[in-house]
Engineer: 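Submitted below is the structure of interest, expressed as structure tokens.
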Amino acid sequence: MPRITLPDGKLLEFPQPVTGRQVAEAIGPGLARKAIGVKLNGAEIRDLTRPITEDAQLKIITANNDDPDALWLLRHSCAHLLAEAVCELFPGTKLAYGPPVDDGFFYDMKTPRPLTSDDFATIEAKMAEIVKANRPFTRVDYSCETGLARTDGDKFKRDNAERAIAKGATTISFYSTGTPGEHWEDLCAGPHVPATGVLAANKVMSVAGAYWHGDQASDQLTRIYGTCFADDKGLKAHLHRLEEAKKRDHRKLGREMDLFHLQEDNPGQVFWHPKGWAIYRELEDYVRGKIRDRGYVEVKTPSVMSKALWERSGHWAKYRDNMFTTSSEEREFALKPMNCPGHIEIFKQGLRSYRDLPLRMAEFGSCCRNELSGALHGIMRVRGFVQDDAHIFCTEAQIPDEVADFCTLLKDVYRDFGFGDDRILVKFSTRPAVRVGSDETWDRAEAALAGACKLAGLAYTLHAGEGAFYGPKLEFTLLDSLGRHWQCGTIQVDYQLPSAERLDAQYVGDDGQKHHPVILHRAILGSLERFIGILTEHFAGKFPLWLAPEQIRVLPITDEHVAYAREVAKRIHDADLRSTVDANSEKLGAKIRLARTDRVSYFAVVGAQEVADRTVSLQNQAGEKLGSLAIEALIERLREEVADKRIAPAVAGAVGG
RNA sequence: GCCACCUUAGCUCAGUCGGUAGAGCUACUGUUUUGUAAACAGUGGGUCGCCGGUUCGAGUCCGGCAGGUGGCUCCA
């Protein structure tokens, strides 16, 4: 006698177990036609055809691009569609695993020959056929024994079935797209949409390699990525978003805007050009000012340090594969991959008192990590980079305040780049199974991190068990203008490195005894390189004025006005702004076009009129004409915008040329 | 590092069946002196990523290597 509560609070009672479809029909025939699944008690998504025996809160899921549950269901089902098409086109294909993921789904499989993007059209055509046939997804449950037997000879599916049983499954389910025994089937827990017909808005996106269970030592599989939406409109919008992302790719903009380059003989090392370096220095100076106001001191530690230090710190044992090493006069050294040991060595000079704590030691630390070649990506993932790093040496009692202060600072900084609270995601990772330190210590450290988030008004998602072995951590992710996630800041509580077993940092407490401080490792931007990459893509190269490499370009109309243009540019330059002059002999239209495609923030046209009036005719990157201004007024205006760190309102919107 | 794919002028890209390489933009030179998104003409520019092989002949076919791209793994 299930009693079904609908999202609007309405209660439906049924005399016997009902299916989701029957509930939908009870509400209305239109809804029943549109329904693709149900969600029970806000948690479990189910097929429309599975019986509901208990009282439940129930949501009918319809194909809707704005409903994550609907997309999840569509994509999970579409993975089957893809798998069926591939199995049919490439007999001998062995299926492994095909879940929905952000923005789509993938299916890992072992195919008789490597698949390439040339195969996509054929696969999509086959998928379209299956969609057109509109065959029902049909579930059949077998006993564990029978289910297992059905996976005989199929290593991956057998493994999946065994795992399901180990996790407590009482039956093994298969889904057929059509009539069981007649049509294609796949071992799957479900749920699925009612029929293949609702999966029309799909696309095969890419092919890549993957390992079975993510294990390098295991089978190498082919992973095909695809996506599916409720309708063509959703799919088109998604593809459009990808196009936009491609247009603002920092590797493309970096070249076009002459910000930096990478070259073949130095993989993962960035050559910063003058314009890119202008942004870099602006960022560094900005952070330097911010942390100075918060009581940090800045230091600089060596790039090359002896193996002995890395052995004591534990890096040699744990991190060696990622370290560049070198030797001199038969001693081994390593390029520093992290700044912490250097900072502790500074802390250890002289005798520290509890009165010195908290000691906030910052460094724009140049780190080298020998990342796997396949992991490198533009300037986002490199082998040489600079962290806006700091280590806070404090007592355990000081952790809550220090973490709270850091969260406030971090929010403050992110806001200056236009990332408000709604664009900051916090991940809170707690104690892992293998860890050092007492449970009481962990309790306190975790409470401090959670409390600090609350104090700073930051909501977090809990990732239980994902902390470092030496302490819990917060990780801060930014949501950019295309809705993509970038992990930037972090703060980690560390009891290990300062301990007697490691680098043995000590201070004298108010009890006259020696104690080990706690260290908070923290960064806000993460790495300057990655952060500039993120900003480049977020702003599509149209940086806010305070960061823009070329803040204003003066455009003389004819040669006669070049001298005045240079004078204007010099005045702007003397006011600590970045200006240039386009003295080429092109027509004004061409100069304007170039200024705009170069993404210069402002350009100032000067001709006979402006020379006579000692003014400029100003226009911004967006193409808005801002009228004529005296030189002083122009400088004033630019300086104000820089000081305010103003961000163009258009940033969150579409990208222009 | 692993899997798949890619690599032709500074950039974006063409190059058919294996027959000695082409466009647009850029750069340079000249003419033009221009008023809010591209003036005109001319000239440069290439060991087709590198090494080897097959062939009378390789940008093109084969092998190896390097780098890049998308993933996996890892991560600031």
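What you see is a predicted model, and the numbers here were worked out from it, not measured in a lab. A, B, ... follow the sequence lines: proteins, then strands. Residue 1 opens every chain.
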Engineer: Who passes side-chain hydrogen bond (donor to acceptor under 3.5 Å, both in side chains) against A:R637, sequence neighbours left out?
Structural biologist: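 Scan of A:R637 (side-chain hydrogen bond (donor to acceptor under 3.5 Å, both in side chains), adjacent residues dropped) gives none.
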
Engineer: Can you tell me the distance, in whole Å, between the OH atom of A:Y319 and the P atom of B:A76?
Structural biologist: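 Going from A:Y319 (OH) to B:A76 (P), I get 7 Å.
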
Engineer: For the P atoms, the ones on B:U60 and on B:G64, what distance do you get once it is rounded to whole angstrom?
Structural biologist: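 So the two P atoms sit 16 Å from each other.
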
Engineer: Does any residue of residues 460-474 of chain A have a heavy atom under 4.0 Å from RNA chain B, and if so, which ones, in number order?
Structural biologist: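 Nothing qualifies; none.
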
Engineer: What's touching nucleotides 6-12 of chain B from the protein side, N or O pairs under 3.5 Å?
Structural biologist:
{"unit_1": "B:U12", "atom_1": "OP1", "unit_2": "A:R255", "atom_2": "NH2", "d": "2.9"}

Engineer: Take atom CD of A:Q387 and atom P of B:C75, then tell me their distance rounded to the nearest Å.
Structural biologist: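 Result: 13 Å.
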
Engineer: Taking the six-membered ring of A:F476 as reference, does the cationic atom of A:K411 (NZ for Lys, CZ for Arg) lie under 6.0 Å from its centre and within 45° of its axis?
Structural biologist: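 Geometry flag: not set, cation outside 6.0 Å or 45°.
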
Engineer: Could you list the residues that satisfy side chain to side chain contact (heavy atoms under 4.5 Å, CB included) with A:A468, not counting sequence neighbours?
Structural biologist: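 Checked A:A468 against side chain to side chain contact (heavy atoms under 4.5 Å, CB included); matches are A:Y470.
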
Engineer: Does A:R288 pair with A:D388 as a salt bridge, N-O distance under 4.0 Å?
Structural biologist: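 A:D388 and A:R288: not salt-bridged.
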
Engineer: Applying side-chain hydrogen bond (donor to acceptor under 3.5 Å, both in side chains), can you list everything that pairs with A:T222, at least two apart in sequence or on another chain?
Structural biologist: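 Residues passing side-chain hydrogen bond (donor to acceptor under 3.5 Å, both in side chains) with A:T222: none at all.
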
Engineer: Base, sugar-phosphate, or nothing: which does A:V386 touch, judged by heavy atoms less than 4.0 Å apart?
Structural biologist: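 The answer is nothing, as A:V386 stays clear of every strand by at least 4.0 Å.
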
Engineer: Show your working on salt bridge (charged side-chain N to carboxylate O under 4.0 Å, His left out) between A:D103 and A:R75 and close with a plain yes or no.
Structural biologist: CA-CA 9 Å; A:D103 291 337; A:R75 288 163 180 177; 5.2 Å; no

Engineer: For A:Q609, which contact category applies under a 4.0 Å heavy-atom criterion: base, sugar-phosphate, or nothing?
Structural biologist: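 The residue A:Q609 makes base contact.
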
Engineer: Any pair with a residue in residues 93-124 of chain A that passes ring pair (Phe, Tyr, Trp, His ring centres under 6.0 Å), sequence neighbours left out, goes on the list, sorted by first then second residue, please.
Structural biologist: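 Residue pairs passing ring pair (Phe, Tyr, Trp, His ring centres under 6.0 Å), neighbours aside: A:F106-A:Y225.
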
Engineer: Strictly below 4.0 Å, heavy-atom distances to any atom of RNA chain B: list the hits from residues 520-531 of chain A, or just say none.
Structural biologist: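 Residues of residues 520-531 of chain A that come under 4.0 Å of RNA chain B are, in numerical order, A:G526, A:S527, A:R530.
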
Engineer: What is the nucleic acid contact for A:E624, judged by heavy atoms within less than 4.0 Å: base, sugar-phosphate only, or nothing?
Structural biologist: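 Nothing: the residue A:E624, judged by heavy atoms under 4.0 Å, touches no strand.
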
Engineer: To the nearest Å, give me how far apart CG (A:L410) and C1' (B:A76) are.
Structural biologist: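 Value for this atom pair: 14 Å.
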
Engineer: When the distance from CD1 of A:I224 to C1' of B:C5 is rounded to whole Å, what number comes out?
Structural biologist: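 Whole-Å distance recorded here is 14 Å.
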
Engineer: Using the test side chain to side chain contact (heavy atoms under 4.5 Å, CB included), find all partners of A:H463 that sit at least two apart in sequence or belong to another chain.
Structural biologist: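 Partners of A:H463 by the side chain to side chain contact (heavy atoms under 4.5 Å, CB included) criterion, ordered by chain and then number, come out as A:K427, A:S429, A:T461, A:E466.
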
Engineer: Please classify the nucleic acid contact of A:S617 as base, sugar-phosphate, or nothing, using heavy-atom distances under 4.0 Å.
Structural biologist: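 Result for A:S617 = base.
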
Engineer: Base, sugar-phosphate or nothing for A:Q619? Non-hydrogen atoms, less than 4.0 Å.
Structural biologist: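 Result for A:Q619 = base.
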
Engineer: Between N or O atoms, less than 3.5 Å apart, protein on one side and nucleotides 25-32 of chain B on the other: list the pairs.
Structural biologist:
{"unit_1": "B:U32", "atom_1": "O4", "unit_2": "A:S585", "atom_2": "OG", "d": "3.4"}

Engineer: Describe, in one word, how the ring planes of A:W277 and A:W272 are oriented to each other, choosing from parallel (under 30°), tilted (30 to 60°) and perpendicular (over 60°).
Structural biologist: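 The arrangement is tilted - the two ring planes meet at 30° to 60°.
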
Engineer: Which part of the nucleic acid does A:C488 contact within heavy-atom distance under 4.0 Å: base, sugar-phosphate only, or nothing?
Structural biologist: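 Sugar-phosphate, no base atom in range.
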
Engineer: Looking only at the aromatic ring of each residue, does the gap between the centers of A:H538 and A:F417 stay below 6.0 angstrom?
Structural biologist: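 Centroid separation for A:F417 and A:H538: 6.0 Å or greater.
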
Engineer: Do A:K247 and A:E537 meet the salt-bridge criterion of a basic N to acidic O distance under 4.0 Å?
Structural biologist: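 No, this pair does not count.
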
Engineer: Grab the CG-C1' distance between A:L478 and B:A76 for me, whole Å please.
Structural biologist: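 After rounding, the gap between these two atoms is 13 Å.
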
Engineer: Does A:D285 come within less than 4.0 Å of A:R281, counting only side-chain N to carboxylate O?
Structural biologist: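 Result for this pair is no, no salt bridge flagged.
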
Engineer: Quick one: stems for RNA chain B, with Watson-Crick or G-U pairs under 3.5 Å, at least three in a row?
Structural biologist: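 So the stems come out as B:1-7 with B:66-72, B:10-13 with B:22-25, B:27-31 with B:39-43, B:49-53 with B:61-65.
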
Engineer: In residues 587-595 of chain A, which ones come under 4.0 Å of RNA chain B, going by heavy atoms?
Structural biologist: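 Heavy-atom cutoff 4.0 Å gives A:K587, A:L588, A:G589, A:A590, A:I592, A:R593.
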
Engineer: Can you check each nucleotide of nucleotides 68-73 of chain B against protein heavy atoms at under 4.0 Å and return B for base, S for sugar-phosphate only, - for none, in 5' to 3' order?
Structural biologist: SSBBBB

Engineer: When the ring planes of A:H391 and A:F393 are compared, do they come out parallel, tilted or perpendicular, using 30° and 60° as the limits?
Structural biologist: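 Because their plane-to-plane angle lies in the 30° to 60° range, the rings of A:H391 and A:F393 count as tilted.
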
Engineer: Rounded off to whole Å, could you give me the CD-to-P distance for the A:Q487 and B:C74 pair?
Structural biologist: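 The distance from CD of A:Q487 to P of B:C74 comes to 14 Å, rounded to the nearest Å.
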
Engineer: With a 4.0 Å cut-off, would you call A:K275 and A:D258 a salt bridge?
Structural biologist: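 So A:K275 does not pair with A:D258 through a salt bridge.
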
